[in-house]
Each structure stands twice: as structure tokens, then as C-alpha cells.
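First up is the structure itself, then whatever we jot down about it.
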There are 4 protein chains.
Amino acid sequence: MSGNSFGKIFRVTTFGESHGPATGCVIDGCPSGLPFTAEAVNRELARRRPGGGGAATLRREADECEILSGVFQGTTLGTPIAIIIRNTSQRSADYDVLKDVFRPGHADWCWETKFGLRDHNGGGRSSGRETAARVAAGALAKMLLAHFGIEIRAWTGAIAGIIAPEPQENGFDLQEAENNSLRIPCSKTAVIIEKHIEKLRKAGDSAGGIVICRAAGVPAGLGEPVFEKLDALISQAILSIGAAKSIEFGNGFNAAAASGYENNDTPIPAKDSVTFDGMPPVSFASNRAGGVLGGISTGMPLEFRVAFKPVPSVSKEQKTVDKNGHECSISIQGRHDICVCPRAVPVVEAMTALVLADLMLQRRCNRL
Amino acid sequence: MSGNSFGKIFRVTTFGESHGPATGCVIDGCPSGLPFTAEAVNRELARRRPGGGGAATLRREADECEILSGVFQGTTLGTPIAIIIRNTSQRSADYDVLKDVFRPGHADWCWETKFGLRDHNGGGRSSGRETAARVAAGALAKMLLAHFGIEIRAWTGAIAGIIAPEPQENGFDLQEAENNSLRIPCSKTAVIIEKHIEKLRKAGDSAGGIVICRAAGVPAGLGEPVFEKLDALISQAILSIGAAKSIEFGNGFNAAAASGYENNDTPIPAKDSVTFDGMPPVSFASNRAGGVLGGISTGMPLEFRVAFKPVPSVSKEQKTVDKNGHECSISIQGRHDICVCPRAVPVVEAMTALVLADLMLQRRCNRL
Amino acid sequence: MSGNSFGKIFRVTTFGESHGPATGCVIDGCPSGLPFTAEAVNRELARRRPGGGGAATLRREADECEILSGVFQGTTLGTPIAIIIRNTSQRSADYDVLKDVFRPGHADWCWETKFGLRDHNGGGRSSGRETAARVAAGALAKMLLAHFGIEIRAWTGAIAGIIAPEPQENGFDLQEAENNSLRIPCSKTAVIIEKHIEKLRKAGDSAGGIVICRAAGVPAGLGEPVFEKLDALISQAILSIGAAKSIEFGNGFNAAAASGYENNDTPIPAKDSVTFDGMPPVSFASNRAGGVLGGISTGMPLEFRVAFKPVPSVSKEQKTVDKNGHECSISIQGRHDICVCPRAVPVVEAMTALVLADLMLQRRCNRL
Amino acid sequence: MSGNSFGKIFRVTTFGESHGPATGCVIDGCPSGLPFTAEAVNRELARRRPGGGGAATLRREADECEILSGVFQGTTLGTPIAIIIRNTSQRSADYDVLKDVFRPGHADWCWETKFGLRDHNGGGRSSGRETAARVAAGALAKMLLAHFGIEIRAWTGAIAGIIAPEPQENGFDLQEAENNSLRIPCSKTAVIIEKHIEKLRKAGDSAGGIVICRAAGVPAGLGEPVFEKLDALISQAILSIGAAKSIEFGNGFNAAAASGYENNDTPIPAKDSVTFDGMPPVSFASNRAGGVLGGISTGMPLEFRVAFKPVPSVSKEQKTVDKNGHECSISIQGRHDICVCPRAVPVVEAMTALVLADLMLQRRCNRL
């Protein structure tokens with residue numbers, strides 16, 4: 001029941017506490033015959049590492065993975081692939097002061113109420129460190145999706161209410177977003193946000209933000225019509241990322257104020273799109289649906305936006321309750337991000353990749 | 001794979017096409033010993049039926065259910081509970097003109113691309129009719145939750161951009177929302193919206209809207225820390241409802257623009273709240289988190305908002321593509337809602353109930 | 001958790017108490033495009049009905065099914081297929097005397113210890129009646145397997161220690177087994193067993209027996225190498241039939257006394273067998289393995305034998321315990337089979353079909 | 001789909017190729033608060049290691065495990081527990097000659113037909129080495145069961161047709177079975193079998209055998225009434241062990257020849273047995289059922305017997321087919337067991353423990 005697995009055919013299980021020996025994952029159900037190496041994982045892990053930008057934690061993990069199984073001479077065997085990432089940079093002493101106090105905005109009290117005990121070091125399993133394992137699994141999912149012609153890219157859309165202009169899209173040219181440590185696809189906005197973050201850091205405060213994700217090359221027909229709609233699965237996947245508080249597809253909340261005539265995307269004949277036997281290829285004049293209708297992909301890019309709450313660990317003094325039930329105050333020092341968005345970008349991509357990889361395999365069973 | 005089941009311990013499977021013999025569900029995993037009758041289901045089904053208000057379809061199903069198994073002398077046996085609702089009011093002829101054309105904003109083309117064929121009558125399984133089975137299962141989940149002291153209530157928060165004031169809440173006194181057919185908790189706003197809907201109906205158009213849901217009495221500790229966070233599961237559950245395009249918990253998208261110091265809810269000692277062994281009872285000075293931290297319930301009410309897109313079936317003429325891949329125009333007549341929100345209210349409640357019922361059982365396994 | 005579902009892609013859920021309104025099943029995950037009708041189900045249900053032979057119960061259900069969903073114009077839609085069979089011949093009064101006493105060899109006491117209450121009429125859900133739903137689902141699985149060239153046939157191998165000669169097999173010519181009500185593939189042995197059964201009936205006693213099953217046309221490569229080995233899944237499927245107490249594959253228990261050199265089947269080049277890319281077609285000089293090696297099908301027929309215990313309901317007086325914990329005696333009248341084997345034959349076939357149908361779909365995901 | 005996971009609440013996933021970097025497992029769903037250490041695992045791994053007896057392989061792994069997560073200060077956290085065992089004694093060169101030939105009695109050809117490629121070194125994932133991970137997970141399950149008063153013990157009942165007398169049972173005094181390397185609970189029989197094994201070794205042949213397992217302290221009420229009967233789950237668990245070909249519960253195949261009156265176990269009032277509210281405590285005068293009726297545990301010891309086929313790797317020359325589809329001969333050298341039974345004993349215990357641990361948690365959800 002414990003919810004550390006995700007997916008049905010392409011199924012990932014993650015494990016690991018922030019300051020335990022290792023973080024890792026097992027991926028069961030990856031088909032045999034896919035080229036895969038530790039480098040593909042390390043590349044993605046590097047994207048998740050604190051990038052040196054002002055928004056990031058100072059904790060620096062080497063984050064070199066080891067593949068323990070399931071790969072033979074650079075190719076997947078069809079057997080479970082276990083990947084571990086050793087935790088090497090723990091400074092548990094930072095957390096000793098937090099042992100007997102419940103941090104505001106964190107799961108400390110809920111967790112202990114649930115399980116009766118917790119590993120308070122570095123947040124234990126509720127730490128963002130857990131997402132390293134997701135990124136590792138996502139690296140494999142991305143390899144599988146690349147084989148099918150699907151590419152996923154996410155970027156930071158806003159921080160602290162400062163909104164970046166939408167990227168000029170030629171296909172997926174989001175190089176700019178990868179050029180700055182905030183993953184903002186506009187260098188000018190990035191500079192403005194950097195300054196604001198510096199101010200927050202000095203004030204001992206933090207910022208929320210928005211991550212935007214787009215998957216191109218998704219064929220029509222992914223997603224199941226009832227409980228496992230494409231958008232339902234993506235929503236679970238994304239809201240399972242620690243600080244995510246909201247998701248919207250295509251027009252999203254704006255659709256709630258629109259009329260049906262305005263909001264519908266007009267189907268148009270498509271010359272070049274490939275489709276199944278007998279079906280006419282169809283495209284759409286717009287993508288207000290965000291690439292999904294009735295829970296099934298339309299062949300248009302999958303597009304959604306995610307709201308992340310501000311990092312709750314701030315050095316500004318906050319009131320809270322301690323283990324004896326008494327009021328107290330804390331100022332959280334440690335090494336924390338100011339805004340999770342830049343580092344959440346590869347996690348959002350990874351979770352999206354896990355959903356799509358699973359659905360690409362599932363659809364092999366749709367028809368006789 | 002086909003995604004017609006939901007839940008792990010308390011697990012529901014739905015079946016049924018809109019114009020087939022019956023719609024129904026099987027609930028497996030309900031504990032033995034719970035009082036349950038067909039009346040409890042029929043009551044909820046009545047709430048989902050078109051209420052006579054201007055926003056609703058003219059199709060009127062009797063919607064009397066039959067319980068086929070799992071209940072003995074008014075009490076659950078611990079065996080699977082099958083419930084069916086006969087489809088009695090089909091007017092398939094209405095749909096004959098839609099057989100060879102793909103409706104804008106619907107899954108027609110995606111569905112046929114996926115499965116190679118479809119039951120076009122009444123939308124087949126992609127019809128909102130499928131939610132009757134969810135409401136039936138939800139009725140059982142609500143009985144189970146009532147046993148645990150949990151109550152769920154949803155209402156319409158806005159239609160077509162016209163926002164209703166938040167209900168004066170004395171606990172859950174939302175009687176006003178049940179008094180008008182739009183389920184708006186403010187009779188004045190309801191009148192204004194009714195007029196706007198009438199205008200849309202005449203223009204052959206439709207409206208989107210927002211549904212708000214609140215669950216009270218949820219104990220702290222529900223939800224699993226990684227992929228099956230409480231909010232992740234609720235998101236899947238809610239986005240699996242046909243027209244839902246977005247969900248936000250507590251502060252939601254606003255959290256993305258807030259600072260950590262602003263956004264954190266301050267923990268405070270709680271005198272009267274019951275909690276597990278040894279843990280101090282804690283409450284919170286505010287509920288910007290919407291009742292969930294790190295994916296685990298906090299003991300505060302679970303609160304979220306859902307955006308529904310406008311009904312895509314409009315009588316205004318729209319361009320689209322037919323089965324031969326040619327452009328064409330359609331004007332959809334049939335019997336359709338103008339806005340799904342009023343009838344989505346019991347569906348949102350049902351899906352929320354399914355998640356919480358499952359988690360209430362799951363938590364029995366958290367600790368030794 | 002409640003274990004009323006079976007299978008992963010081709011997934012069946014059954015429901016129904018023996019004397020409740022109906023017994024039935026939902027099959028989720030059947031691909032679209034398969035021809036299917038109620039007649040296919042009724043044919044198999046007729047095989048499970050008491051055949052008039054001496055071994056069978058006198059209860060006669062009409063056993064006409066109704067398909068409620070998932071089939072459109074005689075073809076599967078890819079949506080869940082719900083099938084119900086009304087219970088029409090209940091004589092609950094027969095069971096009133098059994099309300100307060102625990103029948104030897106039945107689950108009465110265990111069940112009530114587990115759930116706290118039970119529907120004692122006709123055994124409730126622990127009745128063999130539940131297998132009607134399995135046979136209905138198996139009818140669909142058999143249709144799917146026939147499409148893939150797989151045929152499953154079971155027969156009675158022995159009753160009360162009287163062993164029938166193995167059928168002369170030209171492919172699967174087991175017509176003889178279907179010609180007599182005991183499903184013994186040898187009319188002479190059938191007559192002998194009939195006489196023995198008559199003796200047992202007069203003595204108020206019952207008999208155990210053996211069912212043998214063979215699936216031909218199973219391609220090499222079915223079954224997963226670790227926990228979901230083909231034989232492991234078949235074992236779960238078969239031992240989930242009420243009175244089954246043992247299963248053996250191929251040489252079975254005899255293998256335990258053999259040497260490796262004796263027991264190995266020699267691989268031989270196969271000219272006509274079809275196989276995957278690049279692999280040499282291989283057959284085997286014998287089939288002591290019963291068609292499975294390392295949990296994966298070999299391309300030889302899948303063969304196994306199942307031991308069924310004697311029907312525990314006997315009219316001969318037995319000692320037992322009542323609901324007050326006191327010793328008492330009972331003589332069970334009602335309408336009961338003397339030996340379950342003849343009627344278990346279609347159930348064994350159905351369960352085998354469910355496993356193979358699921359694996360035939362699963363294997364679409366083995367390779368890139 | 002790939003079947004490397006087992007269990008629903010207490011869920012184990014194993015990974016690892018015989019000659020890859022490591023073998024291991026992740027256990028998700030173990031409740032928090034259970035004392036657990038690497039020593040508990042190493043103790044069980046030592047029991048699985050070649051014991052020096054004549055039946056065992058000469059490969060000697062250090063088999064020291066590392067716990068990577070889920071345990072904090074010697075206590076389970078309620079988070080996933082990852083355990084790895086490094087592979088240190090690979091001699092892959094032994095397997096080079098087997099690269100292009102399909103070993104009789106092994107899955108080589110089936111595997112390659114299924115996946116298109118395989119890691120031939122040491123049998124890859126189809127090696128018995130995989131069971132080390134099961135034993136590690138089983139060590140945790142045993143700790144959990146011990147907490148509930150359940151103890152599982154297995155032993156070798158026969159090898160090559162030489163049957164050991166049933167152990168004199170005072171509770172579970174099977175110390176004798178652990179005193180000899182064959183795990184025969186009778187030292188005299190052990191000596192006789194040792195000699196026979198030596199003869200087989202010289203002849204380049206191998207032996208099958210029987211393992212018997214008994215679980216004491218199992219409360220009444222475990223197992224679900226339909227597809228997840230206790231004996232059905234045990235059967236899947238046990239038949240998922242590489243060389244297992246048959247299982248029988250209690251009277252097993254003998255029940256097939258018995259009459260109902262003979263075979264029923266008579267329920268008797270039980271003074272000292274603890275039971276649920278209101279239910280009279282019941283025991284049974286015999287245990288021909290093997291501790292399970294209608295798929296639900298009776299409170300009597302769970303008892304079953306497993307037939308293992310002889311080790312297929314023999315040095316005696318055998319005919320087979322190579323990768324080009326040509327006939328050829330092989331004589332398998334390497335380091336192999338003569339009979340798997342002694343080393344299968346802890347694996348049988350582990351798999352039984354996994355089933356029972358899962359069911360002990362599941363039953364928390366039976367009743368309101």
C-alpha cells in the first residue's frame with residue numbers, strides 16, 4: 001500500500017532516506033533491447049543537482065549512479081533494472097536541532113503521527129533527495145520515449161510572481177532555459193528574478209513558482225477513458241512531487257470562464273500525421289485542450305503548468321510546536337533552495353516520462 | 001491495464017456504455033459489518049440527476065439501482081458489492097447523425113484511433129453517464145467515511161466566470177447549495193447565473209465553471225509519502241472526471257507567487273484534537289496547505305478547487321472533420337447540459353470519498 | 001485486497017452469493033475487435049451445469065447470461081464487459097438448519113471468524129456457484145485464445161481412486177469425455193465409476209478425483225521468469241478453485257524421484273514451428289516438463305493434473321461444533337454433487353484460459 | 001507486468017543477474033516499528049549458502065547484505081527497505097562454452113525466444129542466485145511473523161526417492177534437519193542419501209526431492225475466499241521457485257482417492273484457542289486439510305509438500321540444439337548442486353513467510 005511504486009507495465013519503485021546509505025530505484029517492465037548506460041542517468045542527475053544559481057541549495061552530491069542489474073553489455077535485458085545513488089554529502093548535525101520540533105510547512109508532525117517515528121536527518125524520506133531516484137528512472141523512460149519519437153521538455157515559467165515570456169518555440173528550442181541556473185527561457189527575466197531571490201535570501205525567506213512542461217511527438221490514443229485518463233495519471237505523477245500544489249492542462253483554469261464554442265479546438269484534416277488503419281489523420285487548429293480530450297491524447301503536444309509552493313524552510317524566525325506540544329520558535333538554517341522550480345524541472349520531466357513510457361507500452365494491448 | 005478500476009483496498013470497477021443495457025460498478029474490499037441499502041445509493045443518484053435547473057440536460061433516467069451481491073440483511077458481507085443501474089431513457093436516434101463525424105471537444109476521433117471502433121450512441125463509455133456508477137460506489141464510500149466521522153461536501157464555486165461568494169460556514173452548512181439547481185451556495189448569485197445560462201442556451205453555446213470541495217473530519221496521517229500522496233491521489237481521482245482541466249489545493253496557484261514565510265501555516269497546540277500514542281495534538285492557525293503537507297493529511301479540512309471546461313456539445317455550428325477525413329460542419333442538438341458543474345458536484349464528492357475510504361483502510365497497516 | 005479479481009491486463013472480477021440476486025463478472029482489458037456473444041458464454045455455462053450424471057447436484061439453474069456492457073454489435077469495444085447470471089433456483093430453506101452449525105470440511109467457521117458474519121444460504125460466496133462467473137469470463141478468454149490458435153481441454157482423470165486410461169490423442173480428440181456426464185475419456189471406465197458413485201450416494205458419502213488439463217498451441221515465451229512464472233500463475237488459478245488440494249506439472253511428483261539425465265527433455269531442431277526473429281525453431285523429444293521450463297512456456301503443450309478433495313457435504317452423520325461452541329451432529333441433505341470433477345472440468349479450463357489470455361497480451365510488451 | 005514483485009501490502013521486488021554487480025530486493029509496506037538488522041538477513045542467507053554437504057555447489061558467496069534504506073537505528077521506518085547482496089564469486093568463464101548452446105532442462109531457449117537476448121553468465125536472472133534476494137526479504141517477513149507468534153519451518157522430506165521419516169514433532173523441534181547439510185530430519189537417512197548423492201555425482205547425474213513445510217501459530221481467517229485463497233497464494237509463491245513442479249496441501253493427492261466422510265476433519269470445541277468477538281473457539285481432530293478450508297486458514301498448522309525436479313545441469317553428455325539450430329552435445333561442468341532441496345528449504349520458508357506476512361496485514365481490513 002505504501003505507494004513507493006508508480007506505473008503498471010513500466011513500473012518504478014524508489015527507496016532511500018536523505019541521509020541513509022543510498023537512494024535508488026528499481027524499474028520493472030522495461031522491454032529488452034533498449035540501449036542504456038549509467039551515463040544517461042548521470043546526465044539527468046546533473047541537471048537536478050544544485051546548479052550554482054542563487055536559488056539552489058549548497059549541498060552538493062556527487063550523484064554518480066551505479067546500475068546493479070538488468071543491463072547487459074549496454075542493452076536492457078527485460079529484467080528489473082536497479083540503480084543506486086550513494087548519499088555522500090550528509091551533514092546530519094544540521095538537523096539535530098530539528099529533532100524535537102515540527103517545522104512549519106513540512107510533513108514532520110503528520111509523518112510522526114502516521115508512523116510513530118521518523119528519520120529526522122535531512123527530512124528522511126520526505127526530503128527532495130528522494131526525487132534523485134525518480135530522475136534516474138526517468139532517464140530510462142526518456143530513452144524509451146526517444147525510441148518512439150517523443151521528447152519532453154520543462155522549464156521555469158515564473159518565480160515569486162515574476163512571469164517569464166513563453167519561449168519562442170521552434171520545435172523545442174529551449175536552450176536558453178538550460179543556459180541559466182533558474183531554467184527561465186529568457187535571460188533578461190532570469191536576471192530580474194536572480195535579484196529578487198537574492199533579496200529573499202537576505203530576508204531569510206523563499207519563493208514559489210511555476211513549471212511548464214510540454215511533450216512533443218505523443219501519438220493520439222494514449223490514456224484510458226475512465227480512471228486512468230492521460231491527464232489524471234499526469235496529475236497524480238506531478239502532484240506526487242513534494243511542493244506541487246496545482247496543475248492545469250491547456251487552457252486550465254481559464255477554461256472554467258470560457259464558453260464551449262470559444263474553448264473547443266477545431267479538428268482539421270492533417271496530411272502528414274501518421275495514424276492507425278483506416279482512420280483519417282486529424283490535427284487541430286489550436287491546442288486549448290493541452291493535447292488531451294476525454295482522457296486520451298489527441299496527437300497535439302501535451303501541455304501543462306504546475307504551481308510549486310515556496311520552500312517552507314526559511315531562516316526567518318517562525319512559530320511552531322515542539323514534541324512536548326509546547327509553542328516554540330525556530331529559524332531553519334541548513335542548506336536549502338530558495339525556490340524549488342529550477343531543480344523541479346528535471347523531476348517534472350521524469351514523472352511525465354514515466355507516465356508516457358508506461359502508456360506507450362500499454363497501448364500495445366488496446367486492440368486485437 | 002484498461003483503467004476501469006480505482007483504489008487499492010477499497011477498489012471500485014465501473015462498467016457500462018451510455019446506451020447499453022446498464023451502467024454499474026463492483027466494489028471489492030469494503031469491510032464486513034457496514035449497514036448499506038439501495039436507498040443510500042438512490043439518494044446520491046438523485047443528486048446527480050438533471051435537477052430541473054436551466055443548466056441541465058433534458059434526459060431523465062429513473063436511476064434506480066439494484067444491488068446484486070455483497071449485502072446480506074442490510075449489512076455488507078466483506079464480499080464484492082455489485083450495483084447496476086439500468087439505462088432506460090436512451091434516444092439513440094439523436095446520435096445517428098454523429099456516427100460519421102468527429103465532434104469538436106470530444107474524444108470521438110482519439111477514441112476511434114485508439115480502439116478502432118466505438119459505440120457512438122450517447123457517447124458510449126465516454127459519456128458522462130459513466131459517472132452514475134461512480135456516484136453509486138461513492139455512496140458506499142460515504143457510508144464508510146461517515147462511520148469514521150468524515151463528511152465531504154462540494155458545491156459550484158463559479159460558472160462562466162461569475163463567482164459565488166464563499167459559503168458562510170458553520171461546519172458544513174451548505175444547504176443553500178442544495179436548494180438551487182446550480183448548487184451555488186448563494187441564491188442571489190444563482191439567479192444571476194441562471195439568466196446568463198439562458199442567454200447561452202439561446203445562443204447555442206455552453207459554459208465552464210468551478211467546483212469546490214471540502215472534507216471535514218479527516219484525521220492526520222492519511223496519504224503515502226511518495227507516489228501516493230493524498231493530493232496526488234485526489235488529483236488523479238478528480239482529473240479522471242470527464243471535463244476537469246485543473247485542480248488546486250488550498251492556496252493553489254497563488255502559492256506560486258507567495259513567499260515561504262507568508263505561505264506556511266503556523267502549527268499550534270490543540271487541546272481537543274485526538275491523536276496517536278505519545279504524539280502531541282497539533283492544529284494549524286490557517287489552512288493555506290488545503291489540509292495536506294508532504295502528501296499527508298494534517299487534520300485540517302481537505303480543500304481543493306476544480307476547473308471544468310465548458311460542455312463541448314453546442315448547437316452553434318462548428319467546423320470539424322468527418323470519417324473520410326473531409327472538412328464538414330455540425331450543429332449538435334441532442335439533450336445536453338449547458339454547464340456540467342451542478343451535476344459534477346456529487347461526482348467530485350464520490351471520487352473524493354473513494355480516495356479517503358481507501359486511505360482510511362490503508363492506514364490500518366502503517367504501524368506494527 | 002479482497003481477492004475477487006484475477007489477471008493483470010486481461011483482468012476479471014467476480015461477484016455474487018449463491019442465493020443472492022445474481023452471480024457475475026466484469027472483464028477489463030479485453031482488446032477491442034473480438035467477436036463475442038452471450039451464446040459463447042451460455043455454451044460454456046451449459047457444460048458446467050449438472051449434467052444429469054450420477055455425480056451431480058439436482059439443483060438446476062437456467063444459467064442464461066446477460067451481457068451488460070463492453071460489446072457493440074457482436075464485437076468487443078475495449079471497454080469493460082459485465083456479464084450477469086441470475087440465480088433462479090435457490091431453495092434457501094434447505095440451509096436453515098445449517099445456520100447455527102459449522103459444517104465439517106467447509107469454510108463456515110473460518111469464514112465467520114474472518115468476517116464476523118456470513119450469508120449461510122447455499123454457502124453464500126463460498127459456494128461452487130461462484131465458479132459460474134469464472135466460466136463466463138473463461139468463455140471470453142477462450143475466444144481470445146482461439147484467435148491466437150490456443151485450445152484448452154480438460155477431462156476427469158480419476159474418481160475415488162479409479163483411474164481412467166489416458167485419452168488416445170489425435171490432437172485433442174476428447175469427444176468421449178464430453179459424451180458422458182463424468183467427463184471420463186473412456187466410456188467403460190465411466191460405467192464402472194458411475195456404479196461406484198451410486199454406492200457412495202446410498203452410503204451418504206462422496207468422492208474425490210483428478211482433473212487433467214492440456215493446452216495446445218501455446219507459443220514459447222509465455223510466463224515471467226520470477227514470481228509470475230507460467231506454472232506459478234496456473235497454480236494460483238487452479239488452487240483458487242474450491243476443492244483443489246494439489247497440482248503437478250508434467251512429471252510432477254515423479255520428477256522428485258528421478259535423476260536429471262532421466263528427467264530432462266531433449267531439445268531437437270524443429271522444422272515447422274514458427275519462432276521469433278533470428279531464433280532457431282526448437283522442439284523437444286518428450287514433455288516431462290509439462291510445457292514449461294524456468295517458468296516460461298516451451299512451445300510444447302501445457303500439461304497438468306489437479307487433485308480435488310471429496311465433496312465435504314455428506315448425508316452420513318458427522319460430528320461438529322455449533323455456534324455456541326457445543327459439540328453436535330449433522331447430516332447434510334440439500335442438493336450436492338458426489339464428486340466435483342465433472343463440473344470442475346470447465347472451471348479448470350476457464351482458469352487456465354484466464355491465465356493464458358493475460359499472458360498472451362502481456363508478451364506484447366516483452367521486447368522493444 | 002514483468003512479475004518481479006510479490007505481495008500486495010507487504011510487497012517485495014527482487015532484482016539481479018547471477019553474475020551482475022548485485023542481487024537484491026526492495027520491500028515496500030512493512031509497518032513501522034519493527035526491529036530489524038542486517039544480521040537477521042545474514043543469518044538466513046547463511047542457511048541458503050552451500051552447506052558443505054555433498055548436494056551443494058562449490059560456489060561460495062560471502063553473502064553479506066547491505067541495508068540501504070528504510071531502517072533507522074535498528075527499527076523499520078515504514079518506508080521501503082532496500083537490501084543488496086554483492087555478487088563476489090562469479091566465474092563467468094565457466095559459462096562461455098554455454099553461450100551458443102541451449103542447455104536441456106533450462107530456460108535458455110525459451111528465454112531467448114521471449115526476450116531476444118540473455119545474460120548467459122551463470123544463468124543470468126534465471127539462476128538460483130535470484131533466490132538470495134527472496135531469502136533476504138523473507139528474513140524481514142519472518143521477523144514480522146515472529147511478532148505475531150507465527151513460526152515457519154521447512155525440511156527435506158526425500159531425495160531421489162529415498163524418503164525420510166517424518167520428524168518427531170514437539171512443536172517444531174527440527175534441529176536435526178539443521179544439523180546435516182541435506183536438511184533431512186533424520187541423521188540415519190541423511191547418511192544413506194549422502195552416499196547415493198556421491199554415486200550420482202560420480203555418474204555425472206543429479207537428483208530431485210521433496211521439501212515439506214509447516215507454519216505454526218497461523219490464526220484462523222487468513223486468505224481471501226476467491227482468487228486469493230491462502231493455498232492459491234502459497235501455490236503461486238512456491239511454484240515460482242525455479243525447480244518446483246508440484247505442491248500438495250495436507251492429504252493432497254491422496255484426498256483425490258478418499259471419500260468425504262473419511263477426508264473431513266472433525267471440528268471440536270477448543271478451550272484455549274483465542275478467537276474474535278463472539279465466535280466459539282474451534283479446533284480440529286485431524287489436519288487432513290493442511291490448515292486451510294475454502295481458502296481460509298483454520299487455525300491448524302499450514303502444511304504442504306513440494307516436489308523439486310532434479311538439477312538439469314549434469315556433466316553426463318546430453319544431446320541438444322545450438323544457436324544455429326543444429327544438433328550438438330554438451331557436458332555441463334561448472335559448479336552445480338546435485339539436488340536443490342537442502343538449499344531450497346530456506347527459500348520455501350521465505351516464500352511462505354512473504355505470503356503470511358502480507359495476509360496478516362491484509363486481515364486488518366476485513367471488518368469494520
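Quick note: numbers below take in every heavy atom, side chains included, and nothing from hydrogens, waters or symmetry partners. Note on naming: letters A, B, ... go to the chains in the order of the sequence lines (proteins, then strands), and numbering restarts at 1 for each one. Bear in mind that the values here come from a model prediction, so they are computed numbers and not experimental data.
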Max heavy-atom pair count under 4.5 Å with chain A, selected residue of B:Ala307, B:Cys365, B:Gly290: B:Ala307
Side chain from CB out, backbone as N, CA, C, O: work out which of these in A:Thr131 comes under 4.5 Å of a heavy atom of chain B, or both, or neither. neither
For a 4.5 angstrom cut-off between non-hydrogen side-chain atoms, does A:Trp109 reach B:Pro281? no
Please determine whether a side-chain nitrogen of the Lys or Arg among B:Glu224 and A:Arg125 lies less than 4.0 Å from a carboxylate oxygen of the Asp or Glu. no
Top contributor to chain A interface from B:Ala289, B:Ala243, B:Ala237 [non-hydrogen pairs under 4.5 Å]: B:Ala289
Of A:Lys316, A:Arg103, A:Gln318, which meets side-chain hydrogen bond (donor to acceptor under 3.5 Å, both in side chains) against B:Asn264? A:Gln318
Quick one: which of A:Val292, A:Thr298, A:Ile238 has the most heavy-atom pairs under 4.5 Å with chain B, could you say? A:Thr298
Which region of A:Asp322, side chain (C-beta onward) or backbone (N, CA, C, O), has a non-hydrogen atom less than 4.5 Å from a non-hydrogen atom of chain B, or is it both or neither? backbone
Under 4.5 Å to a heavy atom of chain A? For B:Lys309 that would be both
Can you measure from NZ (A:Lys114) to CG (B:Leu222) and round to the nearest 0.5 angstrom? 6.5 Å
Within the structure provided, determine whether B:Ile210 and A:Phe253 are in side-chain contact (heavy-atom separation under 4.5 Å). yes
Where on A:Ser5 is there a heavy atom nearer than 4.5 Å to chain B: the side chain, the backbone, both, or neither? backbone
Is chain B contacted by the side chain of A:Arg305, its backbone, both, or neither, given a heavy-atom distance below 4.5 Å? both
What option among A:Leu359, A:Asp265, A:Ile162, A:Asn4 has the most heavy-atom pairs under 4.5 Å with chain B? A:Asn4
Are A:Gln236 and B:Ile234 close enough that some pair of their side-chain heavy atoms sits under 4.5 Å apart? no
So, do B:Val226 and A:Arg134 sit near enough that their side-chain heavy atoms are less than 4.5 Å apart? yes
Region of B:Ser259 in contact with chain A, defined by heavy-atom distances below 4.5 Å: both
Answer with side chain, backbone, both or neither: which region of B:Val314 has an atom nearer than 4.5 Å to a non-hydrogen atom of chain A? side chain
Hey, could you give me the CE/NZ distance between A:Met279 and B:Lys323, rounded to the nearest 0.5 Å? 7.0 Å
Looking only at A:Asn263, A:Leu117, A:Ile247, A:Ile9, the option with the highest number of non-hydrogen pairs under 4.5 Å against chain B is A:Ile247
Taking the side chain as everything from C-beta on, heavy atoms only, tell me whether B:Phe102 gets closer than 4.5 Å to A:Pro280. yes
With rounding to the nearest 0.5 Å, note down the distance linking CD1 in A:Ile296 to CG in B:Asp108. 10.0 Å
Using modelled atom types and a 3.5 Å cut-off, is there a donor and acceptor pairing between side-chain atoms of A:Ser240 and backbone atoms of B:Glu228? no
Taking the side chain as every heavy atom from C-beta outward, state whether B:Pro104 and A:Pro267 have any atom pair closer than 4.5 Å. yes
Selection from B:Ala232, B:Ala203, B:Gly204 maximising heavy-atom pairs under 4.5 Å formed with chain A: B:Ala232
Based on non-hydrogen pairs under 4.5 Å, which of B:Gly123, B:Pro219, B:Ala207, B:Gly325 is most in contact with chain A? B:Gly325
Where do A:Arg367 and B:Glu112 come nearest, in terms of heavy atoms and distance? NH2-O, 3.4 Å
Using every non-hydrogen atom in the two residues, find where B:Gly260 and A:Pro310 come nearest and quote the distance to one decimal. N-CB, 3.3 Å
Measure B:Ser313 against the heavy atoms of chain A and call it side chain, backbone, both or neither at under 4.5 Å. neither
Pick from A:Ala107, A:Cys341, A:Ala255, A:Gly299 with the largest number of heavy-atom pairs that fall under 4.5 Å of chain B: A:Ala255
Interchain contact, B:Asp205 with chain A, by part (heavy-atom threshold 4.5 Å): side chain
Quick one: what part of A:Lys319 sits under 4.5 Å from any heavy atom of chain B, side chain, backbone, both or neither? both
Can you give me the closest heavy-atom contact between A:Ser2 and B:Pro225, atom names plus distance? O-CD, 4.5 Å
Counting only heavy atoms closer than 4.5 Å, note whether B:Ala158 contacts chain A via side chain, backbone, both or neither. neither
Are side-chain heavy atoms of A:Thr320 and B:Thr266 found at a separation under 4.5 Å? no
Do you know which of B:Gly250, B:Ser126, B:Gly294, B:Ser235 has the most heavy-atom pairs with chain A at a distance under 4.5 angstrom? B:Ser235
Best-contacting candidate, A:Phe304, A:Phe284, A:Phe115, against chain B by heavy atom pairs under 4.5 angstrom: A:Phe115
Atom pair CG (B:Leu239) and CG (A:Leu233), whose distance is rounded to the nearest 0.5 Å: 10.0 Å
Less than 4.5 Å to any heavy atom of chain B: does that hold for the side chain of A:Ala244, its backbone, both, or neither? backbone
Of the backbone (N, CA, C, O) and the side chain (C-beta and beyond), which part of B:Lys245 lies under 4.5 Å from a heavy atom of chain A, both, or neither? both
Which region of B:Asn324, side chain (C-beta onward) or backbone (N, CA, C, O), has a non-hydrogen atom less than 4.5 Å from a non-hydrogen atom of chain A, or is it both or neither? backbone
Heavy-atom pairs under 4.5 Å with chain B, option from A:Gln362, A:Glu262, A:His106 with the top count: A:Gln362
Considering only heavy atoms from C-beta outward, does the side chain of A:Pro269 approach that of B:Glu327 to under 4.5 Å? yes
Taking the inter-plane angle between the rings of B:Phe6 and A:Phe227 on a 0 to 90° scale, is it parallel (under 30°), tilted (30 to 60°) or perpendicular (over 60°)? tilted
Top of B:Ala285, B:Ala258, B:Gly295 for chain A proximity - count of heavy-atom pairs under 4.5 angstrom: B:Ala258
